[in-house]
Amino acid sequence: MTTDEDPSETINTTRLPAGIWALGFVSLLADISSEMVHSLLPLFMVSALGASAFMVGLVEGVGEATALMVKVFSGVLCDYFGRRKPFAIAGYALGACSKPLFAIAQTTGMVLTARLVDRVGKGVRGAPRDALVADIAPPQLRGAAFGLRQSLDTVGAFIGPLVAVGLMIAWSNDFRAVFWVAVIPAIASVALLGVGVREPAREAGLKRTNPLRRDNLRQLDRAYWWVVAVGAVFTLARFSEAFLVLRAQQSGIRMAWVPLVMVVMSLVYSLSAYPFGKLSDRMSHRALLSMGLLILIAADLVLASNSHWVSVLLGVSLWGLHMGMTQGLLATMVADAAPDHLRGTAFGFFNLMSGLAVLVASVLAGLLWDGLGAPATFIAGAAFCVLTLLGLRFAPLRLR
């Protein structure tokens with residue numbers, strides 16, 4: 001494939017292209033902005049707008065469901081037009097446009113509108129961005145590329161809440177002022193994507209076809225669908241991180257410090273994602289994924305054992321380590337299993353199935369939590385990990 005990247009970058013196969021670093025910092029800036037809002041949004045809805053817990057759940061549920069549906073269509077469209085970057089820019093721009101809506105919202109209905117705009121933006125950018133990473137990175141550095149992007153993304157995920165907490169303290173709990181500040185990194189992420197990333201040129205003479213045609217979908221072979229299936233079952237084991245916060249709440253930690261468990265998880269995640277991404281370029285993907293599953297089993301068993309704050313911090317740290325080991329790896333496995341011209345579609349279906357699995361897992365986790373207690377939730381997660389480990393034994397031989 002011909003590209004308009006700098007020739008020195010396309011020849012050098014020992015370091016990541018500048019475009020990969022730019023995409024990583026785009027994710028970092030966008031996540032700082034998003035987490036500044038999302039870490040405060042439930043409190044804002046309840047305390048400032050008088051919303052019920054049911055309404056908070058409804059806003060989150062509708063938003064996530066919308067993002068799931070959009071992901072598939074954005075992946076298909078970017079494959080059909082042979083362009084990734086315009087869709088990624090549109091997605092990040094929608095996310096930036098949602099931030100002022102949160103700041104001026106006077107009703108829960110307006111918050112719902114802002115959340116929908118934000119989640120549509122996430123859905124639009126997800127598959128094209130991942131396909132762009134796969135297109136830009138040399139094949140032998142693809143694991144490192146996804147690991148780096150995920151690592152920088154996660155740095156934003158723990159910087160955002162820390163900035164929000166600091167500003168809330170400095171500005172006497174002025175939610176709206178914090179939401180306005182969140183606009184700045186959101187706009188910066190769009191600008192950086194626009195000027196800092198060059199998309200590889202479409203292959204000359206390549207005919208435009210509908211990616212959803214039967215003959216195209218057949219090119220997503222057994223190896224790809226196996227990755228989708230394993231990713232979905234794996235995601236069943238990795239329910240919403242909200243349950244980590246609930247477990248921390250049971251530990252006796254002061255309420256003001258409870259959100260910091262997510263900062264700990266994100267810190268471990270960000271520090272481990274890039275090294276394990278590089279490692280995935282040199283070792284068996286199945287072996288590394290198995291190691292990640294074993295780490296998640298250990299995290300679940302620690303969190304199930306008791307609610308002491310030491311156990312919670314250890315369990316949360318192991319959880320972050322497994323995320324660093326596996327999330328970039330799964331993206332690499334999707335990219336390796338899918339044809340170049342169907343990567344957007346491939347990531348779209350993978351994200352859809354994984355997202356649906358998160359919803360199912362979180363509902364099941366909540367039912368177990370209410371009915372049998374917190375330990376049952378984490379033991380069930382460990383059981384799904386064992387199921388995924390068994391599934392790895394039947395991986396297609398061409399997946400390393």
Side-chain angles (χ1 to χ4, degrees), residues 23 27 64-80 84 87-88 91 119-120 122-137 139 142-143 145-147 149-150 153 211-212 216-240 273 277 280 285-286 288-289 292-293 296 322-362 384-385 387-388 391-392 394-396 398-400:
L23 284 168
S27 292
E64 290 303 323
T66 301
L68 295 178
M69 292 184 288
V70 173
K71 281 182 178 180
V72 175
F73 294 109
S74 67
V76 170
L77 287 172
C78 82
D79 281 341
Y80 176 75
R84 323 290 196 195
F87 291 94
R119 295 296 86 181
V120 167
K122 180 179 180 181
V124 167
R125 70 182 181 247
R129 178 203 60 212
D130 289 342
L132 194 55
V133 171
D135 290 346
I136 293 175
R142 197 169 281 153
F146 279 109
R149 193 209 65 79
Q150 194 66 62
D153 180 273
L212 296 181
N216 281 327
L217 290 179
R218 284 176 179 167
Q219 296 178 52
L220 297 174
D221 60 11
R222 178 170 171 262
Y224 166 74
W225 292 110
W226 177 87
V227 173
V228 172
V230 167
V233 178
F234 193 178
T235 305
L236 286 174
R238 189 176 51 80
F239 39 77
S240 171
S280 72
H285 289 169
R286 280 182 282 190
L288 186 55
L289 190 59
L293 283 162
L296 182 54
H322 111 268
M323 294 281 285
M325 294 176 71
T326 62
Q327 297 311 290
L329 172 62
L330 285 168
T332 302
M333 293 171 73
V334 171
D336 287 349
D340 292 0
H341 64 288
L342 290 176
R343 279 199 185 120
T345 303
F347 277 110
F349 280 119
F350 177 81
N351 290 333
L352 173 63
M353 296 306 297
S354 296
L356 291 174
V358 165
L359 293 179
V360 173
S362 297
F384 278 115
C385 287
L387 183 62
T388 310
L392 285 173
F394 302 99
R398 78 177 181 86
L399 285 178
R400 63 186 180 92

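Numbers for residues simply follow the sequence, beginning at 1.
Between atom CG of residue Leu329 and atom CZ of residue Arg286 there is a gap of 12.0 Å, rounded to the nearest 0.5 Å. Between Phe87 atom CZ and Cys78 atom SG the span is 6.5 Å, to the nearest 0.5 Å. Here the straight-line distance linking atom CG of Leu288 with atom CE of Met325 works out to 5.0 Å at 0.5 Å rounding.
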Please lay out, stage by stage, how Leu289 and Thr388 fare under the test side-chain contact (heavy atoms from CB on, under 4.5 Å).
CA-CA 10 Å; Leu289 190 59; Thr388 310; 5.6 Å; no
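For Phe234, the ring-ring contact (aromatic ring centres under 6.0 Å, His included) partners two or more places apart in sequence, or in a different chain, are His322. Residues satisfying the side-chain contact (heavy atoms from CB on, under 4.5 Å) test with Ala137, not counting sequence neighbours, are Ile20, Ala145. Take Val228 and apply the side-chain contact (heavy atoms from CB on, under 4.5 Å) test, not counting sequence neighbours, and it matches Tyr224, Trp225, Phe350, Met353. Under the rule for a side-chain contact (heavy atoms from CB on, under 4.5 Å), the partners of Ala237 that lie at least two apart in sequence or sit in another chain are Leu296, Phe384, Cys385. In this view, Arg84 and Asp79, Asp135 satisfy the salt bridge (charged side-chain N to carboxylate O under 4.0 Å, His left out) rule, not counting sequence neighbours. For Arg125, there are no side-chain hydrogen bond (donor to acceptor under 3.5 Å, both in side chains) partners, not counting sequence neighbours.
The two residues Val227 and Leu330 have their closest heavy-atom pair at CG1-O, 4.4 Å. The two residues Pro128 and Ala88 make their nearest non-hydrogen contact at CB-N, 4.2 Å.
Between Asp130 and Val334 there is no side-chain heavy-atom pair separated by less than 4.5 Å. Side-chain contact between Phe146 and Met333: absent, with no pair of heavy atoms (C-beta onward) separated by less than 4.5 Å.
Ser27 and Arg149 share a donor-acceptor pair across their side chains, judged by distance under 3.5 Å alone.
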